[in-house]
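A short write-up of the structure that comes next.
Chain A is the first sequence line, chain B the second, and so forth, proteins listed ahead of strands; every chain is numbered from 1.
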Amino acid sequence: MSIKENHSVIVYVDECNMELVKLQNEGVITNKKGIFLHKDIIGKEYGHKIYDTLYRNYIYVLKKSPELIASSLKRQTQILYEHDISFICLLANALPNKTIIEAGTGTGCLTYALASSVLPYGTIHTFEFNQERYLQVKKQYETFYNIKNNVIFYHKDIINYDFKGFKEGTIDSVILDMPNPWLCIKKFHNLLKERSIIVIFLPCIEQVYKIVDELEQNNFCEIVTYELINKSWCVIQNKKRENGKMEARQEGAHTCTRTLDNILDESNICADTITNKTIDVVEHNSNCYTTFSYNDLLVPSYRLCQKENKTHTGYLTVAKKQLNDENEQMHIEEGSWN
Amino acid sequence: MEGSGEQPGPQPQHPGNHRIRDGDFVVLKREDVFKAVQVQRRKKVTFEKQWFYLDNVIGHGYGTTFEVTSGGSLQPKKKREEPTAETKEAGTDNRNIVDDGKSQKLTQDDIKALKDKGIKGEEIVQQLIENSTTFRDKTEFAQDKYIKKKKKKYEAIITVVKPSTRILSIMYYAREPGKINHMRYDTLAQMLTLGNIRAGNKMIVMETCAGLVLGAMMERMGGFGSIIQLYPGGGPVRAATACFGFPKSFLNGLYEFPLNKVDSLLHGTFSAEMLSSEPKDSALVEESNGTLEEKQASEQENEDSMAEAPESNHPEDQETMETIFQDPEHKGPKERGSKKDYIQEKQRRQEEQRKRHLEAAALLSERNADGLIVASRFHPTPLLLSLLDFVAPSRPFVVYCQYKEPLLECYTKLRERGGIINLRLSETWLRNYQVLPDRSHPKLLMSGGGGYLLSGFTVAMDNLKADTRLKSNASTLESQETEEPAAKKRKCPESDS
């Protein structure tokens, strides 16, 4: 499936540099690797290298996916980070053909993940009260051909919106990432199906108190509050010595039976600088020369180091709409067992 | 989930709660404890030290709460009225309270007598409060806590909920984490999104998590698209998958293929004859928890050494799943009929299985899968190195491992292999909070015990010989990423989320 014009793709420079680009015939991408022409990308396959005009460097062109979108969209507001997005999709039961309301479109990262999850016929109704952001995200989504029919954008303040076109009890989940969600809980209670889920993302604990209170008073049950923290590691390659061997001279004839560790300790050789080969011990006169190098597993060629991590993003409060009372009193039709 | 797989169409879901029927899969919930069961008439079910029959559940909607009454029947329970806010007499702190175990005047026998009389739990709790000498001296918070504790013990309120990935993954993590390699539900959530699992994809999965990961994927895909599950040993374990209660149509897109034939498939030496004419019945394999030793063995050795372990002796394992299904087509022994019928039936099933395997092989050979998920107790490196060849370029893959070190090795081997970018090794920590007026605090920090993830994207494999035009001092992507990032120079905006 080759890349077409007017589609948007992810231009991958490296882990920290990714860009969402809408391809046009005469377009040009300029980044630290050089100048790349859109023309060189159109018609190619995803996952291939694209070289710059000087044929010195290359970048990869990738298909969109929630993770890449989250990494590449420009950040204007505090966005939900990708680990929160994944957890919200699980908690909110974002599944095929569901109808979900989202408030606070923001940069559209969460919207993308939700829209992917509700394919093929589900809908995400997403609200944004800031006109600039609304227009920007809407425009971006025009090139997201496979999900754009599943998203409906609203430039409205959800607190004042009357939801006239929506029937009661038809919404599968509601996800809120806005400053004052407690003002519209009652409204959502009517819209939600029974036993449906509401997920609210709030940065401050005082807001969490308010929302839990409001949820309890509006017939929501099973209220749980989580905090999710992401931790990732950088894998760094250990430097290798250029020449293959290391020599260590040992005095005495009986040293060759010693273990490798002992020899290392006494020679003060740093493990980092040993190269990869098998162990070879050679005796020479009364001195013991040991030439050695290591097996991959004995001295790893990579080590871990922690990447800088943002710890707190926000609290996720989840609740379910209670059953309407009459169902609990329902008369059982198919014989009862006593 | 119900209805969405069977009749795809833009019509909205039927409003109103789905009524529970005989044969449906449900999850019993009491406070924070879950148990997955299948509703069957006249079948005794044990849950939280109580036994009862599920017959009365039929006809109600999910979310209904029941109370266990004498004789083991479940009665729907009305929502409890909020206790009137009478000013309870309470103390200010606990300086005068002595915990000598003598503050409760009712004896064990008294309480038993009350229970036998059939008095409701609420009443019992009330009696306990009245007969406690220290109750009035406790602070209000301590009183609340006391009441809550007694209620938990004496009031048997059970809610029947609909199975979903969230509920089942929470249940498995709490009850049988060993079965799912200690994969916590937030880690599973990451896998589903990182792997871009959605309707219409063709996914490859290799998991030994009792089928939980498979079930989560099937739920996310809604019956659209296809999943090819690679399995070690005789057959895939799908105990957890059955708990979801998927409609039969979902099975159309589900294929399985034995791991030990993967190598031949990759080298093009696979043929239909390789599928033995008498494969072992995909019997339920209750595998023991993976140990570290297993991790070091290669994939082939694992396949042989992993005997069909007998059902584990751990009694709680039996409790989680009342009926264990690995294949909804599997008919119970009662329906077998005569021995001749049984043999015919067995042959028919074997032939079908063979056909499915061939179809799976064909799908795999196209080498255009939309993603790969690995979550097993085996060492991930050999699995990944072979299975990645089936995945198209520019597609995500996610590997779960209970431990970090195998993933580190995997990372290095993948670097050597090439054809992979955006490799990320990550872990999530989950903390839940108790939010009560004046009593809010974090409850539990779950870290490390939820497993680790290695994720990345595939790209077209390098064919270095063809790149002769590349200038000699080109700074390639690979060498850049292996340079040690100087702490200040390279500013990666946060943890790459």
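Per-residue counts of heavy-atom pairs under 4.5 Å with chain B were compared for Val208(A), Leu304(A), Val224(A); the largest is that of Leu304(A). Contact count versus chain B (heavy atoms, under 4.5 Å) is highest, among Cys221(A), Gly122(A), Cys89(A), for Cys89(A). Note on Asn93(A), Ile10(A), Leu68(A): by heavy-atom pairs under 4.5 Å with chain B, the leading option is Leu68(A).
Between Met221(B) and Pro96(A), the shortest heavy-atom contact is C-CG, 3.7 Å.
With values rounded to the nearest 0.5 angstrom, Gln322(A) atom CD is found 9.0 Å from Thr65(B) atom OG1. Taken from CZ in Phe457(B) to OH in Tyr12(A), the straight-line distance is 9.5 Å, to the nearest 0.5 Å. Atom CZ of Arg431(B) sits about 12.5 Å away from atom CG of Leu228(A), to the nearest 0.5 Å.
Proximity to chain B is limited to the side chain of Asn146(A), based on heavy atoms less than 4.5 angstrom apart. For chain B, no part of Lys321(A) is nearby; none of its heavy atoms comes within less than 4.5 Å. With a threshold of 4.5 angstrom between heavy atoms, Ile211(A) does not approach chain B through any atom at all. Residue contact with chain B, scored on non-hydrogen atoms closer than 4.5 Å, is absent for Val9(A). For Met191(B), no part sits under 4.5 Å from any heavy atom of chain A, backbone or side chain. Using a 4.5 Å cut-off between heavy atoms, Ile167(B) contacts chain A through its side chain alone, with no backbone atom that close. Interface remark: Ile170(B) contributes side-chain atoms only to the contact with chain A (heavy atom separation under 4.5 Å). Residue Lys404(B) touches chain A through its side chain alone, counting heavy-atom pairs closer than 4.5 Å.
Between Tyr452(B) and Trp233(A), the ring-plane angle classifies as tilted under the 30° and 60° cut-offs.
Contact annotation: the side chain of Pro393(B) never approaches that of Tyr46(A) to less than 4.5 Å [non-hydrogen atoms, C-beta and beyond]. His48(A) places none of its side-chain heavy atoms less than 4.5 Å from the side chain of Val459(B). The side-chain heavy atoms of Glu427(B) and Asn230(A), taken from C-beta on, include no pair separated by under 4.5 Å. Between Lys64(A) and Asn196(B), the closest side-chain pair of non-hydrogen atoms is not below 4.5 Å. Contact of the Arg195(A) side chain with the Val161(B) side chain is registered, since non-hydrogen atoms from C-beta on lie closer than 4.5 Å. Between Val235(A) and Leu408(B) the shortest side-chain heavy-atom distance falls below 4.5 Å.
Of the charged side-chain nitrogens involved, at least one lies within less than 4.0 Å of a carboxylate oxygen, so that Glu67(A) and Arg424(B) count as a salt-bridged pair.
Aromatic ring centres of Tyr226(A) and Tyr433(B): separated by at least 6.0 Å.
Of the candidates Asp438(B), Val435(B), Leu436(B), Val435(B) is the only one forming a side-chain contact (heavy atoms from CB on, under 4.5 Å) with Tyr209(A).
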